[in-house]
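A short write-up of the structure that comes next.
Only this structure's heavy atoms are used, side chains among them; waters, hydrogens and symmetry mates stay out.
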Amino acid sequence: MVWLNMPKKDLPKSYNPADYEDEIYAQWEKSGFFNPDNLTGEPYSIMMPPPNVTGVLHLGHALENSLMDITARYQRMNGKKVLLAPGTDHAAVATQAKVEKLLVAEGMKNPRQELGREKLLEKIREYAEASKATILSQIKKMGTSCDWSRLAYTFDEPRNKAVNEVFIRMYNDGLVYRGHRVVNWSVKGQSTSSDDELIYMERPAKLWTFKYSKDFPLAIASTRPETKLGDTAVAVNPKDKRYKKYIGQIFTADVGAAKPLRLKVIADPAVDMNFGTGAIGVTPAHSAVDFLMYEKQKAQGQPIDLIQVISQDGKMTAAAGQDYAGLTAEQAREKFVAWLKENDLLVKEEDITQSVGTSDRFGDVVEALPMTQWFVDVNKKIPARGASLKEMIKQAIVKGHHNDAKQKIDITPERFEKVVLNWLDNLHDWCISRQIWWGHRIPVYYRRQEISNISGFARSGRARQYPISNEMQNANADANAEEILVSAEKPEGGGWEQDPDTLDTWFSSGMWTFSTLGGPEKSPLPPPVKGGKSDLKTFHPSNWMQMGYEIIFLWMVRMILMSTYALDQIPFKDVYIHGMLRDQSGKKFSKSSGNNIDPLEVIKQYGSDALRFSLVSGISPGNDSRFYAEKVEGARNLVNKLWNVARYIITNFSGYARSGEARQFSILNFQLNAEKLTLADKWILDKLEKLISGVTDDLDNFRFSQAGEKLRVFTWDDLADWYLEISKFEQGKNEILYFILESLLKLWHPFMPFVTEAIWRELGKEKLLMAEKWADITPPTPLYKGGSEQFELIKDVVAAIRNARSVYKIEPNQKIKAVICSGKRVKLIEEQSELIKKLRTGIEELEIENTGEKVEQAIYLTVSGVEIYLAVPGFDFKAEADRLAREIKVQTERIKSLSARLANKEFTSKAPANIVKAEKDKLDLYKSELGKLKEQRSSLK
RNA sequence: GGAUAGUUAGCUCAAUGGUAGAGCACUGCGCUUACAUCGCAGGGGUUGCAGGUUCGAGUCCUGCACUGUCCACCA
């Protein structure tokens, strides 16, 4: 070991992040360690949830980057071949909606009409690219150690290939189908949404109860009377005695629609007899629920009609009748209610609270409309998997894919498993086609003209063309006139038009874990991932995924769906669900509340490390947490504390030689001079060992907050407040201090990569800290064992003396004389007398005795059986007597409750022996202390 | 309607069933040459309420009350 006395370094008094961060990040990038190709070891992969290219990085992203980067850096230091794959999401609807809004703000009335498809797409692309660049630079600011060479985008060429491939496979498996069904339609956005994209909002509404006509036997209630123009049935509960006689009957009523309504009374157990009149007007075209009844009736061979009275532009159709056609739904409603009143059909009008689904991106209340759209069948059994998509998702989180426990996805916290299962129970087929333009175009082509030979499509060239099956053809009555071809590329021959629709953004992001790695491979199902060492083979399934609970349904389950289907693998082994960040008062961050915090501003003010630490401390999985300036300030102070711990060590102790030699230093060196270790050394090494194992265990189990807390306590309370103070007078701590500092920097690195790397460089290291091996005390050695408890006693003695000084308001520079009677521990106290004197107890003269004489005119303290007399000038007799009396009272209380417990035979016989013994020992101690206190009290004259 | 999380010091949060802890804020003292982005000391809690299980409950069970969130075929 070569030690040099290096000249004292001129480190700044406080750490200024801006002086280091960009430069250090550049150095990391240049080192190549972000790229797993330059690492060895077991693969470990995390696919970064791709931020939407709709704007800038927000605090939620900052939290996610922190969590991912902590895990990535920890695993990398643990010798894993770590891939943290970055990317962005084109966020179909979100991005188009945003750009359209901007264009409208610039004065355009209807961007889609005015610009047309290609020009609008060009505008969106420009915006997306700019936004992407911003976001990527912000991710770097967070210190995220991702492999930029593998940067992916959900809307780039490789990802588009994956999307087409999976769509086509699903189509061939009959999972993707085109159907005419009621969907959620945003009039404002002129597009569909899936059920999971709706945001439900409570709003006041009116509920009207009325009859269709004077002689109609039942009254019904509705909040949307205008849709009643399209009613084709009335549903009642089959058990409802009031209405049983009407079931099966058909009534007609003229309510002003184009044709008089033909209303069949049908029975459906879903109808609640006790709600309203117990009868529901069924509008199959404008209610998802009613549409289900319609389908049920059809399946039972007793079809009812479907009449669409509201069109895609939100206005009433011709079918609604002359008086209504062309009116908005609201206008039609007023008119209809007025008509009811005029004709004395209105029974009741009441105010209720209603929950309505709104489009998450366009904000308007969605209309239920019957339309021809593309869907994913979640219930159909897939031959190659022996299960439906729904069943596979369930299996993957409950027992494991294919019932293989090794392929079970573990969700942290576990409770979300139940949430997903509940959601799965209510899952309907997934509507995947969108009428917006920004997104993956549906790989389907149509041709109007007759075809002579439906099965005759050649698999020509590279294009994989699949004729539509007869079964599908029949299933899609609407599409009968068309020839349909599902293909990634435009088929040869004239007349083919591609489906104008695009795919739900989650269809592509569902493939994220493998589309980023080049999957799925082009092989027919089942697609075993075999062959060469592709990224897909190396890194899939990914090891860890994190996300907020708000996208569990939208994203997590879709990834499971896509991965189990396309790869026959789970997408990730562990998924960590984090909560939402809220402001100091518990409100969500949002533009409208004006409480948004820009992470970059926080970084500018406090540094990236402080931001990271403040985000992950005090959080628990699945629960929301609050974020506010004081928290970041605290983190900044901690970063600065660490800096100063290092500064103190570097400036006052000689460091390592700047040699290229491998560092030989380890705990083994201590073993050679074990006898040289002081009590404090043993104590801090014991603490360090516990810290390393504790932090390691926490990080292995994704307990980020707890790991950070342990590190904070060690750094600040143990190391800075005690050990460094001791190092100011105990000699020979070079090795130990550097060993602790190095270990500590490694442990802190995942949390605070910048400051730790900056200090590491100040230590003269050539290798980057990020590529160092994780902290370790090897081999575990008993050499410092037993020191901890003894040192804790010394700490208690010191604290008791300081306390007494403070309570008695003894001037800080007033030196005092002390006598310590320590019984059996006289040797320990003797050995540590320097410690006791120099740890700011102000003791000038210290006498240590076995069992001492009473010291007159002195403050008396007892600490774990050690008696301390402090002789102070101006001893206050009365104050001391009072204080002793209080102590005696407290001690008596303690003894009373302890004695009671120990007198209880149930306790002594049933409680574990070690606990009983501990309680007995405590009682003995208290009793002896009480005796001494009483003696002291009575000796005061 | 169902589910789920939470309710602990003024605030934000911790506590494998074994006498309740930390940070911030507060009080007193202190420029002790790593750090005032600091140090030392201190005050402050019947753990939402009511029962139960247990030798022992913040922790397990039941009910209730608030708060939040999710789901549902809320006509």
How would you label the contact of [X] with the nucleic acid (heavy atoms, under 4.0 Å): base, sugar-phosphate, or nothing?
X	answer
A:F553	sugar-phosphate
A:L207	sugar-phosphate
A:V271	base

Donor + acceptor pair across side chains of [X], [Y] (<3.5 Å):
X	Y	result
A:N640	A:N637	no
A:R647	A:Y15	no
A:Q354	A:E202	no
A:S620	A:N623	yes

Does [X] have a side-chain nitrogen or oxygen under 4.0 Å from the phosphate oxygens OP1 or OP2 of [N]?
X	N	result
A:W716	B:C38	no
A:R802	B:A41	yes
A:N422	B:U4	no

Between [X] ([atom1]) and [N] ([atom2]), how many Å, whole number?
X	N	atom1	atom2	answer
A:E414	B:A5	CD	P	12 Å
A:K587	B:U67	NZ	P	17 Å
A:E550	B:C70	CD	P	10 Å
A:N803	B:C29	CG	P	16 Å
A:Q354	B:C73	CD	P	14 Å
A:W643	B:C38	CH2	P	17 Å

For A:I352 and A:D196, find the nucleotide of RNA chain B closest to each by heavy atoms; which residue's nucleotide sits nearer the 5' end?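 Final value for this comparison: A:D196.
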Using heavy atoms to find the nearest nucleotide of RNA chain B for A:N426 and A:N637 separately, return the residue whose nucleotide is more 5′. A:N637
Report the nucleotide, chosen from B:C70, B:U69, B:U37, that has the shortest atom-to-atom distance to any side-chain atom of A:R636. B:U37
If a protein heavy atom is under 4.0 Å from the base, mark B; if only from the sugar-phosphate, S; if neither, -; do that for nucleotides 12-21 of chain B going 5' to 3'. SSS---BB--
Sugar-phosphate or base contact per nucleotide [nucleotides 31-36 of chain B; S, B, -; heavy atom under 4.0 Å]: -B-BBS
Is a donor on one side and an acceptor on the other found under 3.5 Å between the side chain of A:N237 and the backbone of A:V271? yes
Side chain A:W643, main chain A:P12, donor-acceptor under 3.5 Å: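 Answer holds: yes.
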Is A:R333 salt-bridged to A:E226, cutoff N-O under 4.0 Å? yes
Between the base of B:C74 and the side chain of A:S355, is there any donor-acceptor pair under 3.5 Å? yes
